[in-house]
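Letters A, B, ... are given to chains in the order of the sequence lines, protein chains preceding strands, and every chain is numbered from 1.
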Number of protein chains: 2
Amino acid sequence: MSEQRLESWQERTISTKQIFEGKIISLQVDTIELPDGGQATREIVRHPGAAAVLALLDDRMLVVEQFRKPLEKFQIEIPAGKLDPNEDPIVCAGRELEEETGYRASSLRPLSAFYTSPGFADEKLYIYLAEGLEKGEMNLDQDEYLRVDAITLEQALAYIEEGRISDAKTVLAVYAWRLYKLTGEI
Amino acid sequence: MSEQRLESWQERTISTKQIFEGKIISLQVDTIELPDGGQATREIVRHPGAAAVLALLDDRMLVVEQFRKPLEKFQIEIPAGKLDPNEDPIVCAGRELEEETGYRASSLRPLSAFYTSPGFADEKLYIYLAEGLEKGEMNLDQDEYLRVDAITLEQALAYIEEGRISDAKTVLAVYAWRLYKLTGEI
């Protein structure tokens, strides 16, 4: 199939209906034109994006355990938080690491970046590898309650097996960590 | 910190406001009780969940390229689709693989499962490893336009570098594929 044919599959917006503007996300429904001339709707969540950190302290990674209301359960995740307006993701990663765990990183390197759910949301998540950790200042948001821990790769794999680690960024960070240990590359 | 203390960090729902019921997602805002007795709101997207397939054809994986309206761009992803009501994810994976690519798998094994964005959504995504592919019947949804391709691991890594592959499930599947090739384990 030609690139030209693919290009014609862009979904032109006919109209946008704003449904909700929240603290964290907003929701709109777009009516679009299909390649065959028909119409369809697309439900779209807008999110400011987020940054997360695979922070290594010797042979352990820092994790935080917190209650996740959408899942109605506690989850163990790598430190993360949403971007402030116009914030560089690497700055956000360093900030969230220190706020949530009390550690500052002397080195932050890009590890991965991905859209969490491109079918209905524009959220992009940036993951950094943090090394050279030293004690900084913990500082949680007012409605944030979490427990910090440092776990080995074996523990992380066991937590994935048990479902205590089960979010995209943390599962991906654990895979990346395994690859890093096997190959020496990030 | 004790497990008892952690347990007290559950966020009890005080009230739920239903904002939107769509074709794919719904949105609610919960008012919750914080551990200190204060209140906060949580914006929650409900999604039926989805299944995706790392489908290997010799040393290539099947991918589909399609327009993603929330991102306003074309993306290359592994075949995937949302669960029908009460559908077993492995059945969904096999169905979506055949509908989107025209291939049927003689073997489907669980590779990973994760919540895409536990901060604001309950979407869970199940990934399966499909091997032993044979020709079946392609059958796209009415508003679905996509191009099928089979790419090597090197191409997949290059597409990640270029941002043509950039969604959580596909990036994770590529990491898993690399680990599978290195270790022989899934």
Proximal component of [X], with respect to chain A [non-hydrogen, under 4.5 Å]:
X         : value
Thr41(B)  : both
Lys73(B)  : side chain
Gln66(B)  : neither
Ile165(B) : neither

Exercise for the section: Tell me, out of Asp30(B), Asp36(B), Val29(B), who's got the most heavy-atom pairs with chain A below 4.5 Å. Expected result: Asp36(B)
Practice task
Decide yes or no on ring-ring contact (aromatic ring centres under 6.0 Å, His included) for Tyr145(B) and Trp9(A), but give the supporting numbers first.
Solution key: CA-CA 7 Å; Tyr145(B) 291 80; Trp9(A) 290 354; 5.8 Å; yes
Exercise for the section: Check Gln10(A) against Phe67(B) and note the closest heavy-atom contact, atom names and distance. Expected result: CG-CE1, 3.7 Å
Can you find a heavy atom in the side chain of [X] that is under 4.5 Å from one in the side chain of [Y]?
X         : Y         : value
Lys169(B) : Thr116(A) : no
Ser117(B) : Glu123(A) : yes
Tyr175(A) : Arg178(B) : no
Leu27(B)  : Ile19(A)  : no
Lys124(A) : Leu71(B)  : no
Leu182(B) : Thr183(A) : yes

Problem - Among the listed options Asp122(A), Ile25(A), Val171(A), the residue most often paired with chain B at heavy-atom distances under 4.5 Å - result: Ile25(A)
Handout entry: Pairing of Arg42(A) and Asp143(B) as salt bridge, 4.0 angstrom limit
Key = yes
Problem - Contacting region of Leu179(A) [heavy-atom separation from chain B under 4.5 Å] - result: both
Problem - Toward chain B, the part of Ile160(A) with a non-hydrogen atom under 4.5 Å - result: neither
